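I have placed the structure first, in the form of C-alpha coordinates, so that the comments after it can refer back to it.
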Amino acid sequence: MSKLGDLGAKLYRGEVGYDFVGKRFVWYGVSILITITAIVALAVQGLNMGIEFKGGAVFTTGKTTVSDTKARELAKEASGHEAIVQKLGNGTLRIQIASLDTDSAADVKKELATGLKMPEQDINADLVGPSWGEQIANKAWTGLGVFMILVVIYLAIAFEWRMAVAALIALVHDLTITVGIYALVGFEVTPGTVIGLLTILGYSLYDTVVVFDGLKEGSKDITKQTRYTYAEVANRSINGTLVRSINTTVVALLPVAGLLFIGGGFLGAGMLNDISLSLFVGLAAGAYSSIFIATPLVVDLKEREPAIKALRKRVLAKRAAGASKGGSAEDEQAYGSDEAPQIVAQGRAERRR
(Lines give C-alpha, C1' and ligand atoms only; values in the text may rest on other atoms or scores of the structure.)
Protein backbone atom coordinates (compact mmCIF):
# COMPACT_ATOMS: atom_id res chain seq x y z
CA MET A 1 0.00 0.00 0.00
CA SER A 2 1.28 3.51 -0.80
CA LYS A 3 2.26 5.86 2.02
CA LEU A 4 -0.76 8.07 1.30
CA GLY A 5 -3.08 5.07 1.26
CA ASP A 6 -1.56 3.79 4.51
CA LEU A 7 -2.06 7.19 6.09
CA GLY A 8 -5.67 7.25 4.88
CA ALA A 9 -6.31 3.84 6.45
CA LYS A 10 -4.83 4.97 9.76
CA LEU A 11 -6.87 8.17 9.69
CA TYR A 12 -10.04 6.20 8.94
CA ARG A 13 -9.40 3.77 11.82
CA GLY A 14 -8.62 6.64 14.19
CA GLU A 15 -5.05 5.47 14.83
CA VAL A 16 -3.70 8.91 13.94
CA GLY A 17 -5.40 12.23 13.50
CA TYR A 18 -5.22 16.00 13.60
CA ASP A 19 -7.36 18.06 15.94
CA PHE A 20 -9.28 20.11 13.35
CA VAL A 21 -12.23 20.74 15.64
CA GLY A 22 -10.11 21.70 18.64
CA LYS A 23 -8.37 24.41 16.59
CA ARG A 24 -11.58 25.61 14.96
CA PHE A 25 -11.27 29.18 16.20
CA VAL A 26 -8.00 29.49 14.29
CA TRP A 27 -9.78 28.41 11.10
CA TYR A 28 -12.68 30.77 11.86
CA GLY A 29 -10.21 33.63 12.20
CA VAL A 30 -8.50 32.79 8.90
CA SER A 31 -11.86 32.57 7.11
CA ILE A 32 -13.09 35.85 8.60
CA LEU A 33 -9.88 37.59 7.50
CA ILE A 34 -10.16 36.22 3.95
CA THR A 35 -13.86 37.07 3.76
CA ILE A 36 -13.27 40.65 4.97
CA THR A 37 -10.53 41.04 2.34
CA ALA A 38 -12.92 39.81 -0.34
CA ILE A 39 -15.68 42.18 0.77
CA VAL A 40 -13.28 45.14 0.86
CA ALA A 41 -12.05 44.27 -2.64
CA LEU A 42 -15.64 44.20 -3.87
CA ALA A 43 -16.44 47.51 -2.21
CA VAL A 44 -13.28 49.32 -3.38
CA GLN A 45 -12.55 47.84 -6.82
CA GLY A 46 -15.84 46.25 -7.72
CA LEU A 47 -16.28 43.63 -10.41
CA ASN A 48 -15.13 44.01 -14.00
CA MET A 49 -18.46 43.21 -15.61
CA GLY A 50 -18.34 41.86 -19.13
CA ILE A 51 -20.04 43.32 -22.14
CA GLU A 52 -22.92 40.89 -21.71
CA PHE A 53 -23.88 42.74 -18.53
CA LYS A 54 -22.96 46.32 -19.49
CA GLY A 55 -23.99 46.30 -23.13
CA GLY A 56 -21.84 47.29 -26.10
CA ALA A 57 -20.51 45.82 -29.32
CA VAL A 58 -18.43 42.79 -30.27
CA PHE A 59 -16.42 43.00 -33.49
CA THR A 60 -15.03 39.85 -35.12
CA THR A 61 -12.48 40.61 -37.79
CA GLY A 62 -11.23 38.60 -40.71
CA LYS A 63 -7.81 36.99 -40.71
CA THR A 64 -5.13 39.55 -39.91
CA THR A 65 -1.50 39.80 -38.86
CA VAL A 66 -2.16 42.81 -36.62
CA SER A 67 -1.28 42.08 -32.98
CA ASP A 68 -3.89 42.22 -30.26
CA THR A 69 -2.01 45.12 -28.63
CA LYS A 70 -2.14 47.19 -31.82
CA ALA A 71 -5.81 46.30 -32.34
CA ARG A 72 -6.58 47.41 -28.78
CA GLU A 73 -5.00 50.81 -29.48
CA LEU A 74 -6.96 51.17 -32.73
CA ALA A 75 -10.22 50.26 -30.99
CA LYS A 76 -9.61 52.76 -28.19
CA GLU A 77 -8.87 55.54 -30.68
CA ALA A 78 -11.97 54.70 -32.71
CA SER A 79 -14.41 54.44 -29.81
CA GLY A 80 -12.93 56.46 -26.97
CA HIS A 81 -13.41 53.45 -24.67
CA GLU A 82 -11.13 50.71 -23.39
CA ALA A 83 -11.39 47.56 -25.49
CA ILE A 84 -10.83 43.88 -24.79
CA VAL A 85 -9.09 42.13 -27.68
CA GLN A 86 -8.64 38.39 -28.00
CA LYS A 87 -6.59 36.65 -30.66
CA LEU A 88 -8.58 33.70 -31.95
CA GLY A 89 -7.08 30.48 -33.22
CA ASN A 90 -7.74 31.11 -36.91
CA GLY A 91 -5.87 34.41 -36.97
CA THR A 92 -8.94 36.55 -36.45
CA LEU A 93 -9.57 39.06 -33.65
CA ARG A 94 -12.46 39.45 -31.25
CA ILE A 95 -12.80 43.04 -30.07
CA GLN A 96 -15.21 43.95 -27.26
CA ILE A 97 -16.10 47.56 -26.59
CA ALA A 98 -18.62 48.46 -23.90
CA SER A 99 -21.20 51.27 -23.95
CA LEU A 100 -21.64 51.55 -27.72
CA ASP A 101 -25.00 52.18 -29.38
CA THR A 102 -25.95 51.29 -32.97
CA ASP A 103 -24.75 54.53 -34.56
CA SER A 104 -21.45 54.57 -32.68
CA ALA A 105 -20.81 50.91 -33.52
CA ALA A 106 -21.17 51.63 -37.24
CA ASP A 107 -18.60 54.43 -37.04
CA VAL A 108 -16.19 52.31 -35.01
CA LYS A 109 -16.51 49.48 -37.53
CA LYS A 110 -15.46 51.80 -40.36
CA GLU A 111 -12.42 53.09 -38.46
CA LEU A 112 -11.40 49.58 -37.48
CA ALA A 113 -11.57 48.47 -41.10
CA THR A 114 -9.33 51.38 -42.07
CA GLY A 115 -6.85 50.78 -39.24
CA LEU A 116 -6.69 47.03 -39.82
CA LYS A 117 -6.48 47.53 -43.59
CA MET A 118 -9.28 45.15 -44.48
CA PRO A 119 -12.67 45.51 -46.20
CA GLU A 120 -15.46 46.66 -43.89
CA GLN A 121 -17.56 43.63 -44.82
CA ASP A 122 -14.85 41.38 -43.34
CA ILE A 123 -15.67 42.74 -39.88
CA ASN A 124 -18.77 41.37 -38.21
CA ALA A 125 -20.41 43.57 -35.55
CA ASP A 126 -22.81 42.24 -32.91
CA LEU A 127 -24.59 44.59 -30.51
CA VAL A 128 -25.36 43.44 -26.99
CA GLY A 129 -27.98 45.26 -24.96
CA PRO A 130 -27.56 45.62 -21.17
CA SER A 131 -31.09 44.27 -20.66
CA TRP A 132 -29.94 40.84 -21.83
CA GLY A 133 -27.19 40.77 -19.23
CA GLU A 134 -29.65 41.90 -16.59
CA GLN A 135 -31.91 38.97 -17.45
CA ILE A 136 -28.94 36.58 -17.16
CA ALA A 137 -28.02 38.04 -13.75
CA ASN A 138 -31.60 37.80 -12.48
CA LYS A 139 -31.89 34.19 -13.60
CA ALA A 140 -28.57 33.41 -11.93
CA TRP A 141 -29.75 34.93 -8.65
CA THR A 142 -33.00 32.99 -8.92
CA GLY A 143 -31.14 29.75 -9.58
CA LEU A 144 -28.81 30.41 -6.67
CA GLY A 145 -31.72 31.12 -4.32
CA VAL A 146 -33.60 27.97 -5.35
CA PHE A 147 -30.43 25.90 -4.99
CA MET A 148 -29.78 27.21 -1.46
CA ILE A 149 -33.35 26.53 -0.36
CA LEU A 150 -33.29 22.98 -1.75
CA VAL A 151 -29.92 22.32 -0.09
CA VAL A 152 -31.19 23.45 3.30
CA ILE A 153 -34.36 21.34 2.97
CA TYR A 154 -32.47 18.24 1.84
CA LEU A 155 -29.80 18.42 4.53
CA ALA A 156 -32.37 19.15 7.23
CA ILE A 157 -34.27 16.00 6.22
CA ALA A 158 -31.30 13.73 5.48
CA PHE A 159 -29.22 14.87 8.45
CA GLU A 160 -30.43 17.68 10.74
CA TRP A 161 -31.01 21.40 10.68
CA ARG A 162 -27.65 22.22 12.28
CA MET A 163 -25.84 20.56 9.42
CA ALA A 164 -28.06 22.40 6.94
CA VAL A 165 -27.16 25.75 8.55
CA ALA A 166 -23.44 24.90 8.61
CA ALA A 167 -23.47 23.81 4.96
CA LEU A 168 -25.27 27.00 3.94
CA ILE A 169 -22.70 29.16 5.75
CA ALA A 170 -19.89 27.20 4.06
CA LEU A 171 -21.45 27.75 0.61
CA VAL A 172 -21.81 31.50 1.20
CA HIS A 173 -18.21 31.50 2.43
CA ASP A 174 -17.02 29.86 -0.82
CA LEU A 175 -19.01 32.20 -3.05
CA THR A 176 -17.80 35.31 -1.22
CA ILE A 177 -14.14 34.30 -1.50
CA THR A 178 -14.47 33.42 -5.20
CA VAL A 179 -16.20 36.67 -6.10
CA GLY A 180 -13.67 38.61 -4.01
CA ILE A 181 -10.80 37.04 -5.96
CA TYR A 182 -12.44 38.21 -9.18
CA ALA A 183 -12.51 41.74 -7.81
CA LEU A 184 -8.84 41.55 -6.73
CA VAL A 185 -7.43 40.22 -10.02
CA GLY A 186 -9.81 42.17 -12.26
CA PHE A 187 -10.89 39.22 -14.41
CA GLU A 188 -13.93 39.91 -16.54
CA VAL A 189 -17.25 38.61 -15.26
CA THR A 190 -19.22 36.93 -18.04
CA PRO A 191 -22.04 34.37 -18.24
CA GLY A 192 -19.25 31.78 -18.16
CA THR A 193 -18.27 33.10 -14.75
CA VAL A 194 -21.83 32.69 -13.52
CA ILE A 195 -21.87 29.10 -14.76
CA GLY A 196 -18.60 28.46 -12.93
CA LEU A 197 -19.93 29.94 -9.68
CA LEU A 198 -23.03 27.76 -9.79
CA THR A 199 -20.92 24.71 -10.62
CA ILE A 200 -18.61 25.04 -7.62
CA LEU A 201 -21.56 24.88 -5.24
CA GLY A 202 -22.09 21.24 -6.12
CA TYR A 203 -18.41 20.39 -5.57
CA SER A 204 -18.34 22.21 -2.25
CA LEU A 205 -21.51 20.52 -1.07
CA TYR A 206 -20.23 17.07 -2.09
CA ASP A 207 -17.20 17.23 0.21
CA THR A 208 -19.31 18.59 3.05
CA VAL A 209 -21.96 15.87 2.74
CA VAL A 210 -19.28 13.15 2.76
CA VAL A 211 -17.99 14.38 6.13
CA PHE A 212 -21.54 14.87 7.46
CA ASP A 213 -22.44 11.31 6.51
CA GLY A 214 -19.52 9.98 8.51
CA LEU A 215 -20.47 12.21 11.44
CA LYS A 216 -24.08 11.04 11.34
CA GLU A 217 -23.00 7.40 11.37
CA GLY A 218 -20.40 7.91 14.10
CA SER A 219 -22.71 9.90 16.40
CA LYS A 220 -25.57 7.39 16.30
CA ASP A 221 -26.61 6.67 19.93
CA ILE A 222 -23.67 8.78 21.06
CA THR A 223 -25.29 9.66 24.40
CA LYS A 224 -25.39 5.97 25.36
CA GLN A 225 -21.59 5.74 25.64
CA THR A 226 -18.94 7.60 27.64
CA ARG A 227 -15.85 7.06 25.48
CA TYR A 228 -16.05 9.99 23.04
CA THR A 229 -17.49 13.50 23.10
CA TYR A 230 -19.42 14.80 20.09
CA ALA A 231 -16.49 17.03 19.11
CA GLU A 232 -14.15 14.03 19.06
CA VAL A 233 -16.54 12.01 16.89
CA ALA A 234 -16.75 14.98 14.49
CA ASN A 235 -12.97 15.23 14.42
CA ARG A 236 -12.67 11.52 13.65
CA SER A 237 -15.14 11.96 10.79
CA ILE A 238 -13.01 14.72 9.27
CA ASN A 239 -9.82 12.68 9.61
CA GLY A 240 -11.53 9.59 8.21
CA THR A 241 -12.42 11.36 4.97
CA LEU A 242 -9.39 13.67 4.81
CA VAL A 243 -7.34 11.75 2.24
CA ARG A 244 -10.43 11.16 0.11
CA SER A 245 -11.24 14.88 0.14
CA ILE A 246 -7.67 15.78 -0.78
CA ASN A 247 -7.56 13.25 -3.61
CA THR A 248 -10.87 14.31 -5.16
CA THR A 249 -9.97 17.99 -4.88
CA VAL A 250 -6.53 17.55 -6.48
CA VAL A 251 -7.97 15.44 -9.31
CA ALA A 252 -10.63 18.09 -9.95
CA LEU A 253 -8.16 20.99 -9.73
CA LEU A 254 -5.61 19.61 -12.20
CA PRO A 255 -7.66 20.00 -15.40
CA VAL A 256 -9.03 23.33 -14.20
CA ALA A 257 -5.49 24.53 -13.51
CA GLY A 258 -4.60 23.48 -17.06
CA LEU A 259 -7.41 25.66 -18.41
CA LEU A 260 -6.46 28.62 -16.21
CA PHE A 261 -2.68 28.69 -16.34
CA ILE A 262 -1.90 27.02 -19.66
CA GLY A 263 -4.98 27.82 -21.73
CA GLY A 264 -5.65 31.24 -20.25
CA GLY A 265 -2.09 32.24 -19.42
CA PHE A 266 0.44 30.83 -21.88
CA LEU A 267 -1.87 30.39 -24.87
CA GLY A 268 -3.73 33.65 -24.32
CA ALA A 269 -7.15 32.03 -24.58
CA GLY A 270 -8.85 34.75 -22.57
CA MET A 271 -12.34 33.29 -22.81
CA LEU A 272 -11.18 30.29 -20.76
CA ASN A 273 -10.47 32.61 -17.84
CA ASP A 274 -14.19 33.35 -17.49
CA ILE A 275 -15.01 29.96 -16.07
CA SER A 276 -11.63 28.49 -15.08
CA LEU A 277 -10.79 31.04 -12.37
CA SER A 278 -14.16 30.64 -10.65
CA LEU A 279 -13.80 26.85 -10.77
CA PHE A 280 -10.22 26.87 -9.50
CA VAL A 281 -10.81 29.22 -6.57
CA GLY A 282 -14.21 27.72 -5.79
CA LEU A 283 -12.95 24.12 -5.71
CA ALA A 284 -10.08 25.04 -3.39
CA ALA A 285 -12.35 27.10 -1.13
CA GLY A 286 -14.95 24.32 -1.11
CA ALA A 287 -12.42 21.72 0.05
CA TYR A 288 -11.19 24.12 2.74
CA SER A 289 -14.66 24.97 4.03
CA SER A 290 -15.82 21.34 4.19
CA ILE A 291 -12.90 20.46 6.47
CA PHE A 292 -12.25 23.62 8.46
CA ILE A 293 -15.61 25.41 8.56
CA ALA A 294 -18.72 23.26 8.04
CA THR A 295 -18.08 20.43 10.53
CA PRO A 296 -16.63 22.66 13.29
CA LEU A 297 -19.75 24.84 12.95
CA VAL A 298 -21.93 21.76 13.44
CA VAL A 299 -19.98 20.99 16.62
CA ASP A 300 -20.51 24.51 17.96
CA LEU A 301 -24.25 24.28 17.28
CA LYS A 302 -24.61 20.71 18.54
CA GLU A 303 -22.76 21.25 21.81
CA ARG A 304 -25.41 23.74 22.84
CA GLU A 305 -27.81 20.83 23.37
CA PRO A 306 -28.23 19.79 27.03
CA ALA A 307 -27.78 16.08 26.21
CA ILE A 308 -24.48 16.71 24.40
CA LYS A 309 -23.29 19.00 27.21
CA ALA A 310 -24.10 16.27 29.74
CA LEU A 311 -22.28 13.69 27.60
CA ARG A 312 -19.16 15.82 27.56
CA LYS A 313 -19.20 16.12 31.34
CA ARG A 314 -19.61 12.36 31.77
CA VAL A 315 -16.78 11.60 29.33
CA LEU A 316 -14.38 14.04 30.97
CA ALA A 317 -15.30 12.85 34.45
CA LYS A 318 -14.71 9.22 33.48
CA ARG A 319 -11.33 10.07 32.00
CA ALA A 320 -10.32 12.00 35.08
CA ALA A 321 -11.31 9.03 37.25
CA GLY A 322 -9.36 6.69 35.00
CA ALA A 323 -6.32 8.97 35.08
CA SER A 324 -6.32 8.98 38.88
CA LYS A 325 -6.18 5.16 38.74
CA GLY A 326 -3.31 5.13 36.26
CA GLY A 327 -5.33 5.07 33.03
CA SER A 328 -3.57 7.97 31.35
CA ALA A 329 -1.64 5.67 29.02
CA GLU A 330 -4.90 4.23 27.69
CA ASP A 331 -6.26 7.74 27.24
CA GLU A 332 -3.21 8.75 25.27
CA GLN A 333 -3.52 5.71 23.02
CA ALA A 334 -7.22 6.35 22.40
CA TYR A 335 -7.17 10.11 21.97
CA GLY A 336 -3.63 11.03 20.94
CA SER A 337 -0.71 12.04 23.11
CA ASP A 338 -1.28 15.73 22.42
CA GLU A 339 -4.94 15.67 23.44
CA ALA A 340 -4.85 13.36 26.46
CA PRO A 341 -3.26 15.69 29.06
CA GLN A 342 -5.69 18.49 28.21
CA ILE A 343 -8.70 16.15 28.25
CA VAL A 344 -7.71 14.57 31.57
CA ALA A 345 -7.16 18.01 33.11
CA GLN A 346 -10.62 19.10 31.92
CA GLY A 347 -12.09 15.94 33.43
CA ARG A 348 -10.49 16.64 36.78
CA ALA A 349 -11.83 20.18 36.72
CA GLU A 350 -15.31 18.88 35.97
CA ARG A 351 -15.10 16.45 38.92
CA ARG A 352 -14.05 19.20 41.32
CA ARG A 353 -17.19 21.11 40.32
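Bear in mind that the values here come from a model prediction, so they are computed numbers and not experimental data.
In this structure, the separation between CD1 on Ile181 and OG1 on Thr37 is 9.0 Å, given to the nearest 0.5 Å. In this structure, Ile123 CD1 and Leu116 CG are separated by 5.5 Å, a value rounded to the nearest 0.5 Å. Separation of atoms CD1 (Ile177) and CD1 (Ile34) is listed at 5.0 Å; rounding is to 0.5 Å. If you take CD on Gln121 and NZ on Lys109, they are separated by 8.0 Å, rounding to the nearest 0.5 Å. Note: Leu47 CG to Leu184 CG = 10.5 Å, rounded to the nearest 0.5 Å. In this structure, CD1 on Ile291 lies 7.0 Å from OG1 on Thr241, to the nearest 0.5 angstrom.
Here the side chains of Leu201 and Leu144 are in contact, with some heavy-atom distance below 4.5 Å. Here the side chains of Leu93 and Thr64 are in contact, with some heavy-atom distance below 4.5 Å. Between Asp207 and Thr248, some side-chain heavy-atom pair lies under the 4.5 Å cut-off. Side chains of Ser278 and Tyr182 form a contact here, defined as non-hydrogen atoms less than 4.5 Å apart. Taking 4.5 Å as the limit, some side-chain heavy atom of Glu232 sits within range of a side-chain heavy atom of Thr229. With a 4.5 Å cut-off on side-chain heavy atoms, Val298 and Phe212 count as touching. Side-chain contact between Ile222 and Lys302: absent, with no pair of heavy atoms (C-beta onward) separated by less than 4.5 Å.
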Working note: Ile246 + Leu242, criterion side chain to side chain contact (heavy atoms under 4.5 Å, CB included); need CA distance, chi angles, decisive distance, verdict. CA-CA 6 Å; Ile246 293 174; Leu242 182 61; 4.1 Å; yes

Let me see the working for Glu111 and Leu74 under side chain to side chain contact (heavy atoms under 4.5 Å, CB included), right down to the final yes or no. CA-CA 8 Å; Glu111 294 192 35; Leu74 291 172; over 6 Å; no

Take Val40 and Ile36, measure what side chain to side chain contact (heavy atoms under 4.5 Å, CB included) needs, and give me the verdict at the end. CA-CA 6 Å; Val40 171; Ile36 290 175; 4.2 Å; yes

Worked check of side chain to side chain contact (heavy atoms under 4.5 Å, CB included) between Arg236 and Tyr228: CA-CA 10 Å; Arg236 289 167 66 91; Tyr228 299 113; 3.5 Å; yes

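A donor-acceptor pair shorter than 3.5 Å cannot be found between the side chains of Thr60 and Asn124. Using a 3.5 Å distance cut-off with no hydrogens or angles, the side chains of Ser31 and His173 do pair a donor with an acceptor. Using modelled atom types and a 3.5 Å distance limit, the side chains of Tyr28 and Asp300 yield a donor-acceptor pair. Side-chain atoms of Lys318 and Thr226 include a donor-acceptor pair closer than 3.5 Å.
The side-chain contact (heavy atoms from CB on, under 4.5 Å) with Arg312 is formed by just one residue from the set Leu316, Ile308, Val315; it is Leu316. Of the residues Thr190, Ile84, Val85, Asp126, the one that meets the side-chain contact (heavy atoms from CB on, under 4.5 Å) test with Gln96 is Ile84.
In this structure Arg162 satisfies the side-chain hydrogen bond (donor to acceptor under 3.5 Å, both in side chains) test together with Glu160, Glu305, sequence neighbours excluded. In this view, Val151 and Phe147, Leu155, Leu171, Leu205 satisfy the side chain to side chain contact (heavy atoms under 4.5 Å, CB included) rule, not counting sequence neighbours.
Distance alone, capped at 3.5 Å, places no donor-acceptor pair between the Thr92 side chain and the Lys63 backbone. The backbone N or O of Leu215 lies less than 3.5 Å from a partner atom in the side chain of Ser237, making a donor-acceptor pair. Looking only at distances, no side-chain donor or acceptor of Asp122 sits under 3.5 Å from a matching main-chain atom of Met118. For the pair Glu120 (side chain) and Ala113 (backbone), a donor-acceptor distance under 3.5 Å is absent. Side-chain atoms of Arg319 come within 3.5 Å of backbone atoms of Arg227 as a donor-acceptor pair (strictly under, hydrogens ignored). Panel note: side chain Asp19, backbone Gly22; a donor-acceptor pair is recorded below 3.5 Å.
Between Trp27 and Tyr18, the angle of the ring planes lies from 30° to 60°, which puts this pair in the tilted group.
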